[in-house]
Enquirer: 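I am attaching a structure below and will ask some questions about it afterwards.
Here is how names work: the chains are called A, B, and so on, in the same order as the sequence lines, proteins then strands, and each is numbered from 1.
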There are 2 protein chains.
Amino acid sequence: MVTRTRFDDSECPVARSVDAIGDWWSLLIVRDAFDGSRRFGEFQRSLGAAKNILTARLRTLVAGGILESVPASDGSAYREYVLTPKGEALFPVIVALRQWGEQHFFAPGEAHSQLVDRRQGKYLRTLEVLSADGRRLGPDDTTVHKVSGH
Amino acid sequence: MVTRTRFDDSECPVARSVDAIGDWWSLLIVRDAFDGSRRFGEFQRSLGAAKNILTARLRTLVAGGILESVPASDGSAYREYVLTPKGEALFPVIVALRQWGEQHFFAPGEAHSQLVDRRQGKYLRTLEVLSADGRRLGPDDTTVHKVSGH
DNA sequence: CGGCATCCGATCGGATACTG
DNA sequence: CAGTATCCGATCGGATGCCG
């Protein structure tokens, strides 16, 4: 049984998200899924992870409703792993991490992968946190509210 | 020496981000910093982590330029930990995780903490991934481009 | 090729005790 | 209160071998 440190009982949505994802491997699997990977081997080559690790992570992601295991589209006996709607909803998370990384960990001109608009091949706009009425918000413009259940 | 699985040599910005953050504890520390925590004890109470764990994570976050250690503002002999600009730039990441969690892991009416606009006390707009010219983009509208260094 | 079983050293994190 | 030091069981992940 997995007894990793759990955060799933927290009232904080961030903690529950973190707990649902599991670990970094899982997050990078999701990234690869966004990039088009579907097969066990594709994930493995991309990640360089040991097979048992990958197997375990795929299983927890499927169990968590983030990936779905479907029969291979090429008719082979194997499975493919595709994002569920819940998994696709992680898109902003991945994009946010990607943009943060692009802005802080690459020298100008250094090789890196970039997420672009498929239609125009252009870079994406940097994610903005907006208020309900559309103002740009920084960290200091927000505060955490406790909402008690009823 | 820490020999955790490293992703920092990857060309993928997501991987480098993940590597720079370190682990979930570190991410939750950053979350607490956004929520206003500054002192060792504040983080510890909020996280429920062992002190040695917290010490180690704070150290790596400072070393990574995400937090900065400054003298305590109350004149005591202790330190406070505040986000650097680089750390503040993680804001969209935390918000994205928070929103994903709110949408998938809480029953309607269940108690949870919520991030609100300080000025109006209202919820934030859901993060949107936009193209350079402002169209909303889903995962299928984007593709990963390899940019080779020069 | 996809996946499972097993082994093993490294690391993690909780607990506790100690310092100033 | 803010750490530091140490111990220890649990877990992790890499490697390997086996099976369909």
Side-chain angles (χ1 to χ4, degrees), chain A residues 1-10 15 18-19 21-30 32-33 36-64 67-82, chain B residues 1-10 15 18-19 21-30 32-33 36-64 67-82:
Chain A
M1 190 185 93
V2 179
T3 318
R4 193 187 74 258
T5 309
R6 304 308 300 251
F7 306 104
D8 57 333
D9 55 343
S10 170
V18 150
D19 193 76
I21 294 169
D23 69 354
W24 289 149
W25 287 121
S26 303
L27 194 66
L28 295 180
I29 289 171
V30 171
D32 284 341
S37 291
R38 303 168 66 94
R39 295 291 283 257
F40 188 94
E42 291 183 286
F43 291 114
Q44 209 211 340
R45 273 189 303 279
S46 170
L47 295 173
K51 290 193 291 182
N52 50 355
I53 305 294
L54 180 55
T55 299
R57 293 304 172 276
L58 286 173
R59 202 194 313 279
T60 61
L61 285 169
V62 169
L67 289 182
E68 192 181 2
S69 168
V70 302
S73 52
D74 62 355
S76 67
Y78 303 123
R79 313 246 79 196
E80 293 185 355
Y81 301 90
V82 300
Chain B
M1 189 185 90
V2 178
T3 318
R4 195 188 72 256
T5 309
R6 305 307 300 253
F7 306 104
D8 56 334
D9 55 343
S10 169
V18 150
D19 193 77
I21 294 169
D23 68 356
W24 289 149
W25 287 121
S26 303
L27 195 66
L28 294 179
I29 290 171
V30 170
D32 285 340
S37 292
R38 303 167 67 94
R39 296 290 284 257
F40 189 94
E42 291 183 286
F43 291 114
Q44 208 211 341
R45 273 190 303 279
S46 170
L47 296 173
K51 289 193 292 182
N52 49 356
I53 304 294
L54 180 55
T55 299
R57 292 304 172 276
L58 286 173
R59 204 192 311 278
T60 59
L61 285 169
V62 169
L67 290 182
E68 190 181 3
S69 169
V70 303
S73 52
D74 63 355
S76 66
Y78 303 124
R79 313 246 81 197
E80 293 186 354
Y81 301 90
V82 299

Enquirer: Taking for each residue the nucleotide of DNA chain D with the nearest heavy atom, is it A:Arg57 or B:Arg79 whose nucleotide lies nearer the 5' end?
Expert: B:Arg79
Enquirer: What integer distance in Å separates B:Leu54:CG from C:dT16:C1'?
Expert: 17 Å
Enquirer: Would you say that A:Arg79 contacts A:Pro71 through its side chain, given a criterion of any heavy-atom pair below 4.5 Å between the two side chains?
Expert: yes
Enquirer: Residues two or more places apart in sequence or in another chain: which of them pass ring pair (Phe, Tyr, Trp, His ring centres under 6.0 Å) with B:Phe7?
Expert: A:Trp25
Enquirer: Measuring from B:Thr55:OG1 to B:Gln44:CD, what's the distance to the nearest 0.5 Å?
Expert: 8.5 Å
Enquirer: Is the shortest side-chain heavy-atom distance between A:Val30 and A:Ile21 below 4.5 Å?
Expert: no
Enquirer: By the 4.0 Å heavy-atom rule, please label A:Arg59 as base, sugar-phosphate, or nothing.
Expert: sugar-phosphate
Enquirer: Any side-chain N or O of B:Arg39 less than 4.0 Å from the OP1 or OP2 oxygen of D:dA2?
Expert: yes
Enquirer: Out of curiosity, A:Glu68 CD to A:Leu61 CG, how far, rounded to the nearest 0.5 Å?
Expert: 13.0 Å
Enquirer: For the helix from C:dG2-D:dC19 to C:dG20-D:dC1, measure the angle between the helix axis at one end and the axis at the other, each built from five pairs, rounding to 10°.
Expert: 30°
Enquirer: To the nearest Å, give me how far apart CZ (B:Arg45) and C1' (D:dA2) are.
Expert: 12 Å
Enquirer: Could you measure the distance from the CZ atom of B:Arg57 to the CG atom of B:Asp23? Nearest 0.5 Å is fine.
Expert: 4.0 Å
Enquirer: Over how many whole Å does the gap from B:Asp74 atom CG to D:dC1 atom P extend?
Expert: 12 Å
Enquirer: CG of B:Asp74 to CZ of B:Arg38: how many Å apart, nearest 0.5 Å?
Expert: 10.0 Å
Enquirer: What's A:Phe43 touching, base or sugar-phosphate or nothing? Going by heavy atoms closer than 4.0 Å.
Expert: nothing
Enquirer: Expressed as a whole number of angstroms, how long is the span from B:Leu67:CG to D:dA2:C1'?
Expert: 16 Å
Enquirer: How long is the line joining CG of B:Leu47 and C1' of D:dA2, in whole Å?
Expert: 15 Å
Enquirer: Can you check each nucleotide of nucleotides 14-20 of chain D against protein heavy atoms at under 4.0 Å and return B for base, S for sugar-phosphate only, - for none, in 5' to 3' order?
Expert: BB-B--B
Enquirer: Quick one: CD1 on B:Ile53 to CG on B:Leu58, what's the gap to the nearest 0.5 Å?
Expert: 11.5 Å
Enquirer: So which nucleotide from C:dG2, D:dG3, C:dG13 ends up closest to the side chain of B:Tyr81?
Expert: D:dG3
Enquirer: Tell me: CG of B:Asp23 to P of D:dT11, nearest whole Å?
Expert: 17 Å
Enquirer: To the nearest Å, give me how far apart CZ (B:Arg38) and P (D:dA2) are.
Expert: 13 Å
Enquirer: Rounded to whole Å, how long is the line connecting atom CD of A:Gln44 with atom C1' of C:dG3?
Expert: 10 Å
Enquirer: For the atom pair CH2 (B:Trp24) and CG (A:Asp19), what is the distance rounded to the nearest 0.5 Å?
Expert: 9.5 Å
